[in-house]
2 protein chains.
Amino acid sequence: MVSIGELSQQTGVSTQAIRYYEQIKLLPAPKRADNSYREYDDSDVERLQFVKRARQLDFALGDIAEILAFRDQNEPPCQYVMNVMAQQISAIEERVADLQRLRDELATLHRAGLTMPEDIEMKQCVCHLIKTGLSNEVGNDE
Amino acid sequence: MVSIGELSQQTGVSTQAIRYYEQIKLLPAPKRADNSYREYDDSDVERLQFVKRARQLDFALGDIAEILAFRDQNEPPCQYVMNVMAQQISAIEERVADLQRLRDELATLHRAGLTMPEDIEMKQCVCHLIKTGLSNEVGNDE
DNA sequence: CTAAACCTTATAGTAACTATAAGGTCAAGT
DNA sequence: ACTTGACCTTATAGTTACTATAAGGTTTAG
């Protein structure tokens, strides 16, 4: 039997996060010692290790809860996990593409800004470009 | 003079977001009509357009507030903006690298999962791999 | 005996909003 | 005149996954 502090150390999850997981029912309410301290056993450690690792893989707590619910009902969660993973992968790919587009846009604006004056009114400087974008200002003869 | 609904339509920012921006003092409290409806003028439209665009570039509201504060005090914000941009760019690059690492890890787990059985106990299936990672399970003879 | 290092609960704060409730105002239609 | 619907108002709760704080009880070491 380990205390919440020991569980925290063994898993690298903060004690507040552990209590939070209990509150949202991701972890079962543990037994209490006479002094009302929480007491955890090996299966609790294992469950929390799974949660920790799934969080590192950016699974949402709701997804993790569903995965654990399968197991709690003696059903293999693997199929569900595979689906969540596939979704995660495409979500990440989309997010990366978005971020790269954003990065390119910022880098272009930044380069443009290096050649521009400071301007309180923001009509002639990089601040203005933020609002309008580059297209109708730079490299666009019309 | 335009109403909050019209401002919303002209900028693509929701009315709730506009009220929220007012609340956190990103936008000044506008004049009110006799019926206490908010009334906005051209400079409000312009300011909100700047905010919108900066948000699309993923600037934090706090950064945007600082940029606008420069202008409100008749100082050119450009230097500050350039710094924020440079920070944004490296933050994004880091985030992209993190996400790509994550994506690779998930993709590898997913591929491994395709060849594994379903397992309630999660000792022999992809769910187990989530907890332990691949290294000591797959492609590792020892 | 007291100070530190634990533990407990409850509550507020984070970011950037969205959603909801409960109500006031206004223009158009019957 | 009245009602319907589309606006507007404020205030509050919910989102995500926690962290931080307050205010207190317990245990251990010196």
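A quick note: this is a predicted structure, and the numbers were derived from the prediction, not measured. Quick note on labels: first sequence line is chain A, next is B, and so on, each numbered from 1.
Taking every side-chain heavy atom of Leu61(A) into account, dA17(D) is the closest of dA17(D), dT18(C), dT9(D). Set against dA17(D), dT9(C), dA16(C), the side chain of Ala60(A) has dA17(D) as its closest nucleotide.
Using a cut-off of 4.0 Å between Lys/Arg side-chain N and Asp/Glu carboxylate O, Glu105(B) and Arg53(A) are scored as salt-bridged. A salt bridge does not link Lys25(A) to Glu66(A): none of the charged nitrogens lies less than 4.0 Å from a carboxylate oxygen. For the pair Arg47(A) and Asp72(A), the salt-bridge criterion is met [side-chain N within less than 4.0 Å of a carboxylate O]. Between Arg101(A) and Asp98(A) there is a salt bridge, since a side-chain N of the basic residue sits under 4.0 Å from a carboxylate O of the acidic one.
Taking atom CD of Gln16(A) as the reference point, atom P of dC6(C) lies 13 Å away to the nearest angstrom. Rounded to a whole Å, the CD atom of Glu39(B) is 12 Å from the P atom of dC26(C). One interatomic measurement links the two molecules: CD of Glu22(A) to P of dC18(D), which rounds to 15 Å at whole-angstrom precision. Look at CD1 on Ile18(A): it is 14 Å from C1' on dT19(D), rounded to the nearest Å. Between the CD1 atom of Ile4(A) and the P atom of dT19(D) there is a distance of 12 Å, rounded to whole Å.
The residue Tyr21(A) sits close only to the backbone: its heavy atoms come under 4.0 Å of sugar-phosphate atoms, none of a base. If you check every strand for non-hydrogen atoms under 4.0 Å, Arg55(A) touches sugar and phosphate atoms only. Using a 4.0 Å heavy-atom cutoff across all strands shown, Arg38(A) reaches sugar-phosphate atoms only and no base atom. No contact: Ile24(B) has no heavy atom under 4.0 Å from any strand.
The backbone N or O of Asp44(B) lies less than 3.5 Å from a partner atom in the side chain of Asp41(B), making a donor-acceptor pair.
The residue among Gly5(B) and Tyr20(A) whose nearest nucleotide of DNA chain D lies closer to the 5′ end is Gly5(B). Between Gln23(A) and Tyr37(A), the residue anchored closer to the 5' end of DNA chain C is Tyr37(A), taking for each the nucleotide with the nearest heavy atom.
Not one side-chain nitrogen or oxygen of Ser36(B) sits closer than 4.0 Å to the OP1 or OP2 atom of dT25(C). Distances shorter than 4.0 Å separate some side-chain N or O of Ser14(A) from OP1 or OP2 on dT19(D). In terms of phosphate contacts, Asn35(A) brings no side-chain nitrogen or oxygen within less than 4.0 Å of OP1 or OP2 of dT8(C). For Arg32(B), a side-chain nitrogen or oxygen approaches OP1 or OP2 of dT10(D) to under 4.0 Å. Taking only side-chain nitrogens and oxygens, Ser3(A) never comes nearer than 4.0 Å to OP1 or OP2 of dC6(C).
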